[in-house]
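Because the structure is a prediction, the values reported are computed rather than measured. Atoms considered below: every heavy atom in the structure, side chains included; atoms not considered: hydrogens, waters and symmetry mates.
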Amino acid sequence: MNSETMSDAQLFEAQFDELVTELTKRDYQDPVLADALGRLREVLIYNTPGGKRNRGLSVIGSLRELLPPSQLTQDTVQRALVVGWCIELLQAFFLVADDIMDGSVTRRGNPCWYKKREIGLDAINDSFLLEGAIYRLLRRHCRDQPYYVHLLELFNEVAFQTELGQALDLMTSPPGNIDLSRFTMERYKAIVKYKTSFYSFYLPVAAAMYMAGISCEQEHSNAKHILFEMGEFFQIQDDYLDCYGDPAVTGKIGTDIQDNKCSWLVVTAMGIMNAEQKAKLEEFYGRNDDASVEKVKELYQALQMPEVYQRYEEESYLRLQKLIADHAKNLPHSIFLNFAKKIYNRKK
């Protein structure tokens with residue numbers, strides 16, 4: 001298929017094998033590294049593809065909205081695809097590590113990387129390899145571009161912000177230490193902002209903005225206002241699907257209840273429960289047995305949490321439209337609306 005007739009999704013897909021070859025066969029020629037580079041190849045192929053790719057594809061999607069077609073040369077498009085894959089690598093880095101911390105079993109319909117018999121806790125170093133690959137690709141493909149330093153600083157800052165969010169999450173829900181008084185909406189929103197919104201929503205749009213020559217702090221601040229609302233809704237939706245999604249569709253078995261997670265469902269439920277229901281929640285939440293999980297789900301049903309969630313989704317979409325009207329005065333509204341179409345009403 002000719003690259004000129006391929007969709008962005010097809011171009012993005014086609015780029016991956018080339019990047020794997022670049023990282024594992026062209027960067028280092030030293031024969032003593034053959035085993036390590038073979039392992040890097042395995043890590044990349046198992047952990048990087050297979051997701052929804054919304055983050056990675058949003059770089060080229062946003063850049064097409066920001067630049068006229070005459071400026072979208074083949075080289076510009078290819079660099080946007082590479083930066084998109086760098087975001088997917090960042091995601092893979094976080095997920096490999098996150099699955100270990102959470103004791104998760106499946107990811108994207110397959111066993112978590114660390115759960116593979118020959119891997120175990122060696123997966124910690126594998127997550128570092130995924131992160132290191134990001135900066136090798138950025139240097140090779142973007143070093144001579146005026147936005148290179150902006151991208152380096154952006155990836156570094158967003159990675160640190162996400163790690164701070166993960167720290168908040170871990171401290172709020174320590175395993176074996178169940179204390180629902182830690183579960184407040186303020187804490188929940190802080191976790192979501194730092195753990196999800198920066199890297200999943202702001203990062204791809206900000207990268208495209210820098211690549212289009214938009215480095216004005218005010219414009220980036222305007223984009224954040226909109227993208228944080230989307231990021232918050234996306235995580236709330238994720239929490240909802242953890243409990244109510246079909247594992248055959250989502251590709252993972254939800255474990256937020258037994259993992260004592262500070263999720264939107266439990267925080268919202270606590271706000272509308274009576275004293276008797278709250279006592280039951282404290283008795284059963286965070287217990288790793290099927291009967292306890294079922295008791296919590298029965299409480300959620302009694303509180304009509306699916307209906308509460310549906311109302312929240314509608315309100316969030318209205319808020320998003322207002323934020324776009326208020327803050328995207330100098331940015332194409334389509335950047336944000338294209339993102340919104342991918343996440344609202346999703347099933348996985």
Applying side chain to side chain contact (heavy atoms under 4.5 Å, CB included), can you list everything that pairs with [X], at least two apart in sequence or on another chain?
| X | result |
| --- | --- |
| Ala269 | Met273, Tyr300, Leu303, Met305 |
| Glu13 | Arg53 |
| Thr172 | Arg182, Phe183, Arg187, Ile191, Cys262 |
| Met185 | Tyr188, Lys189, Trp264, Val267, Thr268 |

* **Test item: side-chain donor near acceptor, Asp259 and Thr255, under 3.5 Å** => yes
* To do: Ignoring hydrogens and angles, state whether a donor on the side chain of Ser181 or Asp179 is under 3.5 Å from an acceptor on the partner side chain.
  => yes
* Glu22/Arg140 ion pair, N-O < 4.0 Å -> yes
* With a 4.0 Å cut-off, would you call Arg39 and Asp35 a salt bridge? -> no
* Asked: side-chain hydrogen bond (donor to acceptor under 3.5 Å, both in side chains) with Gln301: which residues, sequence neighbours excluded?
  -> Tyr244
Using the ring pair (Phe, Tyr, Trp, His ring centres under 6.0 Å) criterion, which residues pair with [X]? Sequence neighbours excluded.
| X | result |
| --- | --- |
| Phe339 | Phe201 |
| Phe284 | none |
| His150 | Tyr210 |
| Trp113 | Tyr46 |

Closest approach of [X] and [Y], non-hydrogen atoms and distance?
| X | Y | result |
| --- | --- | --- |
| Asp239 | Ser263 | OD2-CA, 3.5 Å |
| Cys243 | Ile257 | SG-CD1, 4.4 Å |
| Thr196 | Gly231 | CG2-O, 4.2 Å |
| Leu168 | Ala190 | CD1-CB, 3.9 Å |
| Ile343 | Met230 | CD1-O, 3.8 Å |

For residues 114-121, tabulate all N or O donor-acceptor pairs below 3.5 Å that involve a side-chain atom, not counting sequence neighbours.
from, atom 1, to, atom 2, distance (Å)
Tyr114, OH, Ser104, N, 3.4
Tyr114, OH, Ser104, O, 2.8

Sequence neighbours excluded and cut-off under 3.5 Å, please list the side-chain donor-acceptor pairs for residues 86-94, or say none.
from, atom 1, to, atom 2, distance (Å)
Glu88, OE2, Gly56, N, 2.9
Gln91, OE1, Tyr199, OH, 2.3

* Can you check whether Gln78's main-chain N or O pairs, donor with acceptor, with His141's side chain at less than 3.5 Å? -> no
* For the pair Gln10 (side chain) and Ser7 (backbone), establish whether a donor and an acceptor sit closer than 3.5 Å, ignoring hydrogens and angles. => yes
* To do: Give the intermediate values and the outcome of salt bridge (charged side-chain N to carboxylate O under 4.0 Å, His left out) for residues Glu217 and Lys224.
  => CA-CA 10 Å; Glu217 281 188 28; Lys224 275 181 192 166; over 6 Å; no
* Asked: Is there a side-chain hydrogen bond (donor to acceptor under 3.5 Å, both in side chains) between Ser316 and Glu229 once you walk through the steps?
  -> CA-CA 8 Å; Ser316 174; Glu229 171 66 32; 2.9 Å; yes
* Please indicate whether Asp290 has more than 12 foreign heavy atoms, meaning atoms of other residues, nucleotides or ligands, lying under 6.0 Å from its CG. =>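 No.
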* To do: Verify the neighbour count for atom CZ of Arg26: are there more than 12 heavy atoms of other residues, nucleotides or ligands below 6.0 Å?
  =>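 Atom CZ in Arg26 is crowded, with more than 12 foreign heavy atoms closer than 6.0 Å.
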* To do: Determine, stepwise, if the pair Arg64 / Asp8 fulfils side-chain contact (heavy atoms from CB on, under 4.5 Å).
  => CA-CA 10 Å; Arg64 287 196 189 282; Asp8 283 346; 2.8 Å; yes
* ring pair (Phe, Tyr, Trp, His ring centres under 6.0 Å), paired with Phe228, selected from Phe198, Phe234, Tyr194, Phe233 -> Phe198
* With Lys261, which of Asp256, Asp242, Asp169 fulfils side chain to side chain donor-acceptor pair (under 3.5 Å)? ->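 When side chain to side chain donor-acceptor pair (under 3.5 Å) is applied between Lys261 and each of Asp256, Asp242, Asp169, only Asp169 qualifies.
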* Asked: Which ILVMFWY residues can you reach from Met101 by hopping between side chains whose heavy atoms are under 4.5 Å apart?
  ->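 The other cluster members (ILVMFWY side chains, heavy atoms under 4.5 Å, direct or chained) are Leu170.
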